[in-house]
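Single-structure report; data block below.
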Amino acid sequence: MENSSTFSESFVTITSTMSTAIWQDVLKTLEPIVGRPNFITWLKPTRLLDQTNDYVTVAAPNYYAKSWIERNVVDEISKILARQFGRPVEVKIVVVKTEAKTDGELPLLSLEPEEATTTKPRSSAFNKKYTFATFIVGNSNRLAFAAAQAVAEKPGEAYNPLFIYGGVGLGKTHLMQAIGNALTQDKRNKKIIYTSCENFTSEFINALQTKTINEFKTKYRTVDVLLVDDIQFLANKEGTQEEFFHTFNILHQANRQIVITADRLPKEINDLEERLISRFGWGMIADIQSPNFETRLAILQAKAKEIGADVEPETLSYIASTVTSNVRELEGWLTKLVAAAQLERLPASVELARRSLKDLHRPAASHLTTKNVVGEVARHFGIESSEILGKKRPKELVYPRQITMYLLRELLGQSYPQIGEGLGGKDHTTVMYGVGKITRLRKRSQQTDADLKAIIETLG
Ligand code: ADP
Ligand code: MG
């Protein structure tokens, strides 16, 4: 087991290796369905407690986890197990409490190391690479950059809160860390916390469970600057929203700086309480868009210099004009090219770039939209787009709709709530279920595989 909480150890002994393996398989199947953040927060700490012929008992570390699992994945779990056992399986979730946390133990819902909160020591709290100096400014991010700088100069005074939103890999975390880095240098000795929303959630839950809620509150309510990354993960977490709401109010009233990032606007975050949405708009909302060609080129030049790679200027232009999705990808392709050049002992030429970027030229998903995908699925099944988007639920529409959900996830990388919204307001759990269903069907059913291949090919 990866983490050695008392929780996992407490019943490893009563669970045979074989059933542990079964449970690991179930978890593996569930991870892509629920997404990594949910997986880490809710499913990873679970264990198989007991298993008989027709039911299994799964241990969850607390009532939050239990109720999340019951609301979202319990049916899925019994289906997976039923397939494995070849008979119906009933799933029971029970809470297995641990003894109070003692020093030196990992928190129950411990996150991956790289996702842990970075509070102290102050010197290593922030990623040194992510500074204002290494951030390339262009029209797509000028406002967010300026606002972040203003906040770092005058925390609590300029814009409070600062809400930065934009698509994946466009520099939100970079800017937030840059604020942290700048303030760490600052003589005023501010107390700063950077945390991901998921980490905030699991710390909160852990605090409830280990009766350390007062420490938790003190920690978050006494900072000078609170940086919360990826707040969209507050969706559907009522208890944590409530706690965050109070934290927000207390800090805001005391003129403490709050900075929040998200992948979308506050009002587009599913099930975010109205009072939080309105508060997020009190200060400044700044967006980050995809960079244009010139900014992409400037980022590549800076990156090439940083890694000390000798890349021909035309090659950088070639990459900048080819990779248009986001900055993380841009960096990734540059690194790939540089590695290929070293491996083949060739100059990093346009020719080599063309070869090493060839994967990128395959199904170019970037021009795809929800509308295209819905349209093509409808055409394939001989129905109307409006039927896929509609609210009526006749049996024959279930499969095309699930295929659509799967493709939006696979080809466009949309989140479950995003897909739900794009398909006429379907619940994200319905989407989660649909995507999971097709993921499995694709492996088992030639028909499904053929349907998907045909549609993807036409979308080309
Ligand atoms: P997000 O949090 O929005 O998903 P990140 O902040 O993690 O994105 O950025 C992804 C990568 O791209 C990081 O390595 C970051 O340094 C880099 N990056 C993004 N925008 C810029 C920029 N304007 N200048 C330099 N690097 C950038
Ligand atoms: Mg980020």
Side-chain angles (χ1 to χ4, degrees), residues 1-3 5-98 108-110 202 205 236 395 398-399 401-403 405-406 409-410 416 419 426-449 452:
M1 303 286 101
E2 308 88 309
N3 67 44
S5 64
T6 42
F7 176 66
S8 45
E9 277 160 13
S10 61
F11 54 86
V12 159
T13 42
I14 54 170
T15 310
S16 72
T17 323
M18 170 161 155
S19 50
T20 307
I22 291 178
W23 187 240
Q24 290 312 318
D25 273 357
V26 172
L27 290 182
K28 225 178 267 161
T29 318
L30 288 173
E31 181 170 348
I33 301 177
V34 302
R36 183 139 181 87
N38 279 327
F39 178 78
I40 291 172
T41 313
W42 308 115
L43 292 173
K44 204 168 161 220
T46 60
R47 299 291 180 269
L48 191 60
L49 198 55
D50 191 16
Q51 175 205 333
T52 69
N53 274 346
D54 40 28
Y55 76 90
V56 299
T57 311
V58 174
N62 54 54
Y63 284 100
Y64 281 86
K66 172 175 151 75
S67 93
W68 187 90
I69 294 167
E70 285 172 346
R71 267 185 294 131
N72 295 291
V73 286
V74 86
D75 293 344
E76 196 58 45
I77 295 172
S78 48
K79 277 189 202 128
I80 299 169
L81 288 170
R83 260 200 320 276
Q84 291 203 3
F85 294 1
R87 58 174 179 269
V89 178
E90 202 179 316
V91 178
K92 226 170 93 191
I93 313 292
V94 297
V95 175
V96 175
K97 287 233 161 86
T98 46
L108 207 55
L109 286 173
S110 75
S202 49
I205 293 166
N236 308 315
K395 268 211 169 75
V398 173
Y399 181 66
R401 279 179 185 161
Q402 291 177 335
I403 290 274
M405 293 168 186
Y406 176 89
R409 179 95 185 151
E410 281 295 302
Y416 297 117
I419 296 172
K426 297 189 170 57
D427 192 74
H428 76 282
T429 50
T430 311
V431 177
M432 227 156 81
Y433 178 78
V435 173
K437 177 96 187 269
I438 300 300
T439 307
R440 291 186 310 278
L441 263 182
R442 184 171 200 178
K443 288 182 204 137
R444 280 187 293 139
S445 151
Q446 285 182 359
Q447 182 58 50
T448 301
D449 193 48
L452 288 167

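Computed from heavy atoms alone, side chains included, the values below leave out hydrogens, waters and symmetry copies.
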For residues V89 and I77, determine if any side-chain heavy atom of one lies less than 4.5 Å from a side-chain heavy atom of the other.
-> no
Measuring from L48:CG to Q24:CD, what's the distance to the nearest 0.5 Å?
-> 9.5 Å
In a check of side chain to side chain contact (heavy atoms under 4.5 Å, CB included) between I80 and each of D75, I22, V26, which one passes?
-> V26
Could you walk me through whether Y399 and K437 pass the side chain to side chain contact (heavy atoms under 4.5 Å, CB included) test, one step at a time?
-> CA-CA 9 Å; Y399 181 66; K437 177 96 187 269; over 6 Å; no
When rounded to the nearest 0.5 angstrom, what distance separates CD1 in I93 from OG1 in T57?
-> 9.0 Å
In short, A82 meets P88 closest at the heavy-atom pair CB-CA, 4.3 Å
If every non-hydrogen atom of Y433 is compared with every non-hydrogen atom of K79, which pair is closest and at what distance?
-> OH-NZ, 2.7 Å
What distance separates L452 CG from Q447 CD, expressed to the nearest 0.5 Å?
-> 10.0 Å
T429 side chain near R71 side chain, heavy-atom distance below 4.5 Å = no
Does E70 CD have over 12 foreign heavy atoms under 6.0 Å away?
-> yes
Going through the distances and angles, do H428 and N236 end up as a side chain to side chain contact (heavy atoms under 4.5 Å, CB included)?
-> CA-CA 10 Å; H428 76 282; N236 308 315; 3.0 Å; yes
Value rounded to 0.5 Å, distance of CZ in R442 from CD1 in I403 = 8.5 Å
Identify the two heavy atoms, one from V73 and one from M432, that lie closest to each other, and give their separation to 0.1 Å.
-> CG1-CE, 4.2 Å
What distance separates R444 CZ from R83 CZ, expressed to the nearest 0.5 Å?
-> 5.0 Å
Would I438 and M405 count as a side chain to side chain contact (heavy atoms under 4.5 Å, CB included) if you check the C-alpha gap in whole Å, the side-chain angles of each, and the deciding distance to 0.1 Å?
-> CA-CA 9 Å; I438 300 300; M405 293 168 186; over 6 Å; no
Got a donor-acceptor contact below 3.5 angstrom from the T46 side chain to the W42 backbone?
-> no
Between CG of L81 and OG1 of T29, what distance do you get to the nearest 0.5 Å?
-> 9.0 Å
Show your reasoning for whether side chain to side chain contact (heavy atoms under 4.5 Å, CB included) applies to V58 and V91.
-> CA-CA 7 Å; V58 174; V91 178; 4.2 Å; yes
Please name the pair of heavy atoms, one in W68 and one in V34, separated by the smallest distance, quoted to 0.1 Å.
-> CH2-CG1, 3.8 Å
Where A60 and I69 come nearest, the two heavy atoms and their spacing | CB-CD1, 4.4 Å
Search all heavy atoms of F39 against all heavy atoms of L27 and return the closest pair with its distance.
-> CE1-O, 3.4 Å
